[in-house]
Amino acid sequence: GKKSGDDDKIIGRSAIQDALPKVSQSRYKQTICAEYPGLIQWMNALEGEKAEQNLQSLSKLWHKTTAETSKIAEKLVDVGFFSRRGDKNDPAFWIPHLYRDALNLVQGAAGKKMAK
């Protein structure tokens, strides 16, 4: 084998990375969806999207007004599906790594242009 560099750890980084897809699916389906079925449609709508969203991108994705989107997003923050970033006037909503594999999320922020 090869040296892992995690000699002082019980579980190495590569083992955690290998397990993340299964853990992500399990936690998403068996925990957050099971506990909050009323939020499933909003979370599932993010499948294949960017891991960081803003009110405008969510509003477009969910076909809701900004006010309605804000209420839904805050519920998702309350249950731990979103982590709020940015300031109060321009919040961003970041999806933790734990749920990213379950929804095939793409790294990055929605609405931001890539530099050429």
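All residue numbers refer to positions in the sequence shown, counting from 1.
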How long is the span from the OH atom in Y36 to the NZ atom in K75, to the nearest 0.5 Å? 12.5 Å

Hey, could you give me the CG/CD1 distance between L46 and I95, rounded to the nearest 0.5 Å? 4.5 Å

Once you round to the nearest 0.5 Å, how far does CD1 of I40 lie from NZ of K29? 11.0 Å

Is there a donor-acceptor pair closer than 3.5 Å between any side-chain N or O of E68 and the backbone N or O of T65? yes

Working to the nearest 0.5 angstrom, can you tell me the gap between T66 OG1 and N54 CG? 9.5 Å

Of all the heavy-atom pairs spanning M43 and L76, show the shortest one and how long it is. CG-CD2, 3.6 Å

Does the pair E49 and L61 meet the rule for a side-chain contact (heavy atoms from CB on, under 4.5 Å), with working shown? CA-CA 9 Å; E49 298 293 332; L61 188 64; 3.7 Å; yes

Residue that, paired with Q107, satisfies side chain to side chain donor-acceptor pair (under 3.5 Å) out of K50, E52, H97, R100: R100

Inter-residue atom distance C33.SG - N44.CG, 0.5 Å rounding: 6.0 Å

Indicate, with yes or no, if L98 and W94 share a hydrophobic cluster defined by side-chain heavy-atom contacts under 4.5 Å among Ile, Leu, Val, Met, Phe, Trp and Tyr. no

What is the ring orientation for Y28 with Y99, classed by angle as parallel under 30°, tilted 30 to 60°, or perpendicular over 60°? perpendicular

From CA spacing to verdict: side-chain contact (heavy atoms from CB on, under 4.5 Å), R84, F93: CA-CA 5 Å; R84 189 183 316 97; F93 300 94; 4.1 Å; yes

Return the minimal non-hydrogen interatomic distance between T69 and L55, and the atom names on each side. CG2-O, 3.8 Å

Residues P96 and G80: closest non-hydrogen pair is CG-O, 4.0 Å

Taking side chain as C-beta onward, heavy atoms only, is D101 less than 4.5 Å from Q25? no

Testing the 3.5 Å rule here: is there a donor-acceptor pair between the side chains of Q56 and S59? no

Shared ILVMFWY cluster between V106 and F82, side chains joined below 4.5 angstrom? no

Note: A73 and W62 closest approach over all heavy atoms is N-CZ3, 4.2 Å

